[in-house]
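Numbering of residues begins at 1 and proceeds along the displayed sequence.
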Amino acid sequence: MAVSAEVDVLHEVVYDESRLKKDWVLCLQWCKYNYSDGTSQEGYRFIWRRPNGHLQPAMGQARIPNLYVAEALMSKARAEGWGHFSNNTTKDDNK
């Protein structure tokens, strides 16, 4: 049986706040992944927010237009004081 996850977003930065509720906008989030097998892990994810404000889940993938955008989001997370978080584990399974 496949393991599924529910995600709790703990922190989020948005690439361009002026585009919120108007256009698609890329976000970086620090999340807690709660797996159906009873385990959990924390980690970062890039995810798109739709013009209606909802997130666009895409099976773990978010198209990042360029590395400048990724670096800008990571810099914002560090500036807000949560860009250094780590769960200190490497991914060793298929969750």
Side-chain angles (χ1 to χ4, degrees):
M1 182 179 197
V3 176
S4 61
E6 289 190 18
V7 179
D8 295 326
V9 177
L10 305 175
H11 297 281
E12 177 182 271
V13 289
V14 177
Y15 179 67
D16 185 351
E17 292 86 1
S18 70
R19 295 174 65 182
L20 282 173
K21 303 284 184 163
K22 298 175 189 167
D23 201 355
W24 289 78
V25 64
L26 189 62
C27 305
L28 174 64
Q29 299 176 334
W30 175 252
C31 303
K32 182 176 182 183
Y33 294 80
N34 302 298
Y35 298 108
S36 58
D37 66 2
T39 63
S40 66
Q41 293 180 325
E42 292 179 338
Y44 294 95
R45 73 175 179 180
F46 289 101
I47 192 165
W48 287 94
R49 192 170 286 285
R50 298 175 184 162
N52 66 5
H54 295 141
L55 296 173
Q56 175 63 37
M59 297 297 286
Q61 298 180 11
R63 184 190 59 81
I64 301 171
N66 58 60
L67 290 180
Y68 173 80
V69 170
E71 290 169 348
L73 285 166
M74 289 184 276
S75 292
K76 284 185 174 189
R78 284 192 289 281
E80 288 189 9
W82 56 271
H84 65 286
F85 292 166
S86 173
N87 70 0
N88 292 319
T89 62
T90 56
K91 185 170 173 47
D92 60 0
D93 56 28
N94 201 22
K95 290 182 182 173

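- Using cut-offs of 30° and 60° on the angle between ring planes, the pair Tyr33 and Tyr35 is parallel.
- Without hydrogens or angle criteria, Tyr44 side chain to Ser86 main chain gives no donor-acceptor distance under 3.5 Å.
- Between the CZ atom in Arg50 and the CG atom in Leu20 there is a gap of 15.0 Å [rounded to 0.5 Å].
- Hydrophobic clustering (side-chain heavy atoms under 4.5 Å, transitive across Ile, Leu, Val, Met, Phe, Trp, Tyr) groups Leu10 together with Phe85.
- Transitive grouping of hydrophobic side chains (ILVMFWY, heavy atoms separated by less than 4.5 Å) brings Val69 and Leu28 into a common cluster.
- Pairs engaging residues 2-12 under the side-chain hydrogen bond (donor to acceptor under 3.5 Å, both in side chains) rule: Asp8-Asn34, Glu12-Gln29, Glu12-Arg49 [sequence neighbours left out].
- Closest non-hydrogen pair, Ser36 versus Ala2, comes out as OG-O, 4.3 Å.
- When side chains are defined from C-beta on, Val7 does not count as touching Pro57, because their heavy atoms never get closer than 4.5 Å.
- Side-chain atoms of Asn87 come within 3.5 Å of backbone N or O of Glu42 as a donor-acceptor pair.
- No donor-acceptor pair under 3.5 Å is formed between the side chain of Trp24 and the backbone N or O of Arg19.
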Would you list the atom pairs, donor with acceptor, under 3.5 Å between side chains in residues 72-79 and any protein atom, with sequence neighbours excluded?
from, atom 1, to, atom 2, distance (Å)
Ser75, OG, Glu71, O, 3.1
Lys76, NZ, Val14, O, 2.7
Lys76, NZ, Tyr15, O, 3.0
Lys76, NZ, Glu17, OE1, 3.3
Lys76, NZ, Glu17, OE2, 3.1

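- For the atom pair SG of Cys27 and CG of Asp16, the computed distance is 11.0 Å after rounding to the nearest 0.5 Å.
- Residue Trp30 is grouped with residue Trp48 when hydrophobic side chains (ILVMFWY) are merged at heavy-atom distances under 4.5 angstrom, including chains of intermediate members.
- A single hydrophobic cluster is seen to contain both Trp82 and Phe46, as judged by linkage of ILVMFWY side chains at heavy-atom distances under 4.5 Å, directly or through other members.
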